[in-house]
Amino acid sequence: MMSAKTITSIPFADQKPGTSGLRKKVAVFQSPHYLENFVQAIFDTIAAPQGSMLVLGGDGRHFNREAIQVILRMAAANGFGKVLVGQGGILSTPAASCVIRKYRTYGGIILSASHNPGGPDGDFGIKYNTGNGGPAPEKITEAIYARSKALESYRIFEAPDVALDQVGKFVMGGMAVEVIDPVTDYADLMESLFDFDAIRAMIQGGFRLCFDAMHAVTGPYGREILERRLGAPVGTVINGVPLPDFGGGHPDPNLTYAHELVEIMYGADAPDFGAASDGDGDRNMILGRHFFVNPSDSLAVIAANAALAPGYAAGLAGVARSMPTSEAVDRVAAKLGIPCYETPTGWKFFGNLMDAGKVTLCGEESFGTGSSHVREKDGLWAVLFWLNILAKRGQPVEKIVYGHWAEYGRNIYSRHDYEGLPSAAANGVMAHLQSQFAELPGKQFGAWRVKFCDDFSYTDPVDGSVSTGQGLRISFEDGSRIVFRLSGTGTEGATLRIYLEAFEPDAARHGQDAQQALAGLIAIANELSELKQRTGREQPTVIT
Ligand code: VG1
Ligand code: CO
């Protein structure tokens, strides 16, 4: 006999969502009551009306299937009327956002630790998205956290596992479970936004591309869209079978972790276009033949060429970027005469702007680009936008980027990540920087004079909510800047990110290597932060 039970739990003190949901080691999520406590905290906080509909899916990493079964049983015991779950428990993050919006569900739960490694010793994550399809805003994540520290029991249905591997309909108590094809709704949405005929013709004409799904969630999406609908040869998608441990890799599409693709794109017989996506499918890296497109530049190029895509032909309402993202897109917005908003890091801050119709495109320096078609960043969407632009312009990637710089100037940009630092050392670096803020303005460092420095805070123009402590900025008179920020997605120690930016108007100097061009700023960053002395690190873990 199936029935709902109330289980006595213990509150947890550490279930505070970070930049993008709650992320912990798999073993932590597997410990008794841990997952259940957080899920009950979500359900108590959102207080969905009896009979509401929910979307559920994840990036397929280790523990995804087990967690899906637990959440289904808890949803049934908490009065939900229906759950749409991706086949095999899989939904990419942008596809989950698409499904929430398309079927107007109350919200959704996404199981992902995105670019963090998976497997039994890797990371797991969970986040709640609201009915607009986007990550819950801070006031909801804070309330979930508060509830998780207090609740003493959770409700769960006693029922056998739902068969997740075939699409179909099931009943659990008073709740319907529908296992849906995870790809079709998303692929249809993409087809409605971009000129698939033009892209197909370009590929038929001999244009070659390679998409690295990094053994993560986008494999099936890439194969359906690129190989089936757009006619790219089978094999265009590499590492296309999602694996629970991502093949032992780090599913982060950057020059360090996507080295297989990088070797192909910098090899002798390199294709015209390369791209990679991350664990949950919301990030993208764009490469031309022997050429890397910095994500901040990618956002600017997409904004400048948006009218070439049918879904954006009517023009952009505005654009937004996270604070550490380069100001390249600001220049495009100025030329287009549209507003440009600067938000804290993390996609949850873009939702209000898009819901209010203030922005159409948004992006982050961390390989995230997206638009109001969903409320998450969207890796394959960015890839298709680039393919649409390439098909319409008929020029190579490199030429398009150089042409963009010639028109707008180049915001030379780099991010240096120091991963796995002891938290005390990382906090010490931040405190030491802040302690100098009163005396820094006006000080000269070589060719650079400090204009201002602050700890970035943001007032949401739509609901007036304020978010503080979003990164330390040091801006110079000539427009260059250095930003220091601690990551909010890691599960071990601390990751310090240093973002460096300088503007170069002179086209004769646009071919410079970013690290060389930014060497002066890098030296200032080291000096001001006492990074080497305080962390013992000589080099960043990852340079983008
Ligand atoms: C990082 C990125 C941030 C991104 C976040 C989630 O956060 O810097 O831009 O929104 O990951 O992306 P942090 O706090 O580690 O810097 V995803 O694709 O991991 O969900
Ligand atoms: Co991601």
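Keep in mind the model is a prediction, meaning the values are calculated, not measured. Both ligands and their constituent atoms are indexed starting at 1 by order of listing.
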Participant: Regarding ligand 1, does Leu486 bring an N or O atom to under 3.5 Å of one of the ligand's N or O atoms?
Facilitator: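 Between Leu486 and ligand 1 (N or O atoms, distance only) the closest approach is not under 3.5 Å.
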Participant: Is it the case that ligand 1 has an N or O less than 3.5 angstrom from some N or O of Thr345?
Facilitator: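 Min N/O separation from ligand 1 is not below 3.5 Å for Thr345.
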Participant: Would you say the side chains of His115 and Arg283 form a donor-acceptor pair under 3.5 Å?
Facilitator: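 Arg283 and His115 do have a side-chain donor-acceptor pair below 3.5 Å.
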Participant: As an exercise, identify every atom of ligand 1 less than 4.0 angstrom from a heavy atom of Gly488.
Facilitator: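 That gives atoms 13 (P), 14 (O), 15 (O) of ligand 1.
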Participant: Between the side chains of Asn411 and Glu327, is a donor N or O closer than 3.5 angstrom to an acceptor N or O?
Facilitator: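 The criterion, which ignores hydrogens and geometry beyond distance, is not satisfied for Glu327 and Asn411.
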Participant: By number and element, which atoms of ligand 1 are closer than 4.0 Å to a non-hydrogen atom of Ser20?
Facilitator: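 Answer for ligand 1: 6 (C), 20 (O).
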Participant: Check this for me: does any side-chain nitrogen of one of Asp123 and Arg61 sit under 4.0 Å from a carboxylate oxygen of the other?
Facilitator: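 So Asp123 does not pair with Arg61 through a salt bridge.
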Participant: Evaluate the ring planes of Trp405 and Phe291, with Trp represented by its six-membered ring, and classify them as parallel (under 30°), tilted (30 to 60°) or perpendicular (over 60°).
Facilitator: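 The rings of Trp405 and Phe291 sit tilted, inter-plane angle from 30° to 60°.
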Participant: For the residue pair Thr369 and Asn284, what are the closest heavy atoms and their distance?
Facilitator: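 Distance-wise, the nearest heavy atoms are OG1-ND2, 3.0 Å.
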Participant: With distance as the sole criterion, is a donor-acceptor pair present between the side chains of Tyr413 and Asp297 under 3.5 Å?
Facilitator: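 Side-chain D/A pair, Tyr413 to Asp297: absent.
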Participant: Check Ser487 against ligand 1 and report side chain, backbone, both or neither, counting heavy atoms closer than 4.0 Å.
Facilitator: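 Looking at Ser487 and ligand 1, atoms from backbone and side chain both fall under 4.0 Å.
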Participant: Check each of Glu364, Arg283, Glu365, Arg497 against atom 11 (O) of ligand 1 and report the one with the nearest heavy atom.
Facilitator: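 When every heavy atom of Glu364, Arg283, Glu365, Arg497 is considered, Arg283 comes closest to atom 11 (O) of ligand 1.
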Participant: Taking only heavy atoms of Ser114 into account, list the atoms of ligand 1 that are under 4.0 Å away from them.
Facilitator: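 Contacts of ligand 1 toward Ser114, numbered from 1: 17 (V), 18 (O), 19 (O), 20 (O).
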Participant: Can you tell me the N, O or S atom of Asp278 that's nearest the Co ion (ligand 2)?
Facilitator: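 For Asp278, the N/O/S atom sitting closest to the Co ion (ligand 2) is OD2.
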Participant: Do you know which N/O/S atom name in Asp282 is closest to the Co ion (ligand 2)?
Facilitator: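 Result for Asp282 and the Co ion (ligand 2): OD1.
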Participant: Shortest non-hydrogen contact from Gly88 to Asn64?
Facilitator: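 Between these two residues, the closest heavy atoms are O-ND2, 4.2 Å.
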Participant: State whether the shortest distance between N or O atoms of Lys377 and N or O atoms of ligand 1 falls below 3.5 angstrom.
Facilitator: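 Yes, there is a polar N/O contact under 3.5 Å.
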Participant: Suppose you place the vertex at the Co ion (ligand 2); what is the angle out to Ser114 OG and Asp280 OD1, to 10°?
Facilitator: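 With the Co ion (ligand 2) as the vertex, OG (Ser114) and OD1 (Asp280) sit 90° apart.
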Participant: If we only consider heavy atoms of Ser322, is any one of them less than 4.0 Å away from an atom in ligand 1?
Facilitator: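 No, Ser322 has no heavy atom closer than 4.0 Å to ligand 1.
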Participant: For ligand 1, is any non-hydrogen atom under 4.0 Å from Thr489's backbone (N, CA, C, O), its side chain (CB onward), both, or neither?
Facilitator: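 It is both parts that get close, each with some atom under 4.0 Å.
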Participant: Within ligand 1, which atoms have a heavy atom of Arg485 less than 4.0 Å away?
Facilitator: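 Going through ligand 1 atom by atom, the ones under 4.0 Å from Arg485 are 13 (P), 14 (O), 16 (O).
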Participant: What I want to check is whether the side chains of Glu365 and Asn294 have a donor and an acceptor closer together than 3.5 Å.
Facilitator: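 No donor-acceptor contact under 3.5 Å links the two side chains.
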Participant: Which option wins on minimum heavy-atom distance to atom 20 (O) of ligand 1: Glu376, His115, Arg23, Arg415?
Facilitator: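 Answer by nearest heavy atom: Arg23.
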Participant: Under 4.0 Å from any heavy atom of Gly346, which atoms of ligand 1 are there?
Facilitator: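 Heavy-atom distances to Gly346 below 4.0 Å select 10 (O).
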Participant: Between the side chains of Ser114 and Ser112, is a donor N or O closer than 3.5 angstrom to an acceptor N or O?
Facilitator: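 No.
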Participant: Any chance the side chains of Asp282 and Thr93 put a donor and an acceptor closer than 3.5 Å?
Facilitator: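 No.
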Participant: Distance to the ring centre below 6.0 angstrom and angle to the axis at most 45 degrees; does that hold for Lys149 and Tyr145?
Facilitator: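 Verdict for Tyr145: a cation-pi partner in Lys149.
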Participant: Among protein heavy atoms, which sits nearest to atom 9 (O) of ligand 1, and what does the distance come to when rounded to 0.1 Å?
Facilitator: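 Nearest neighbour among protein heavy atoms for atom 9 (O) of ligand 1, to 0.1 Å: Ser366 OG, 2.6 Å.
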Participant: Backbone, side chain, both or neither: what part of Asp278 comes under 4.0 angstrom of ligand 1, heavy atoms only?
Facilitator: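 The answer is the side chain.
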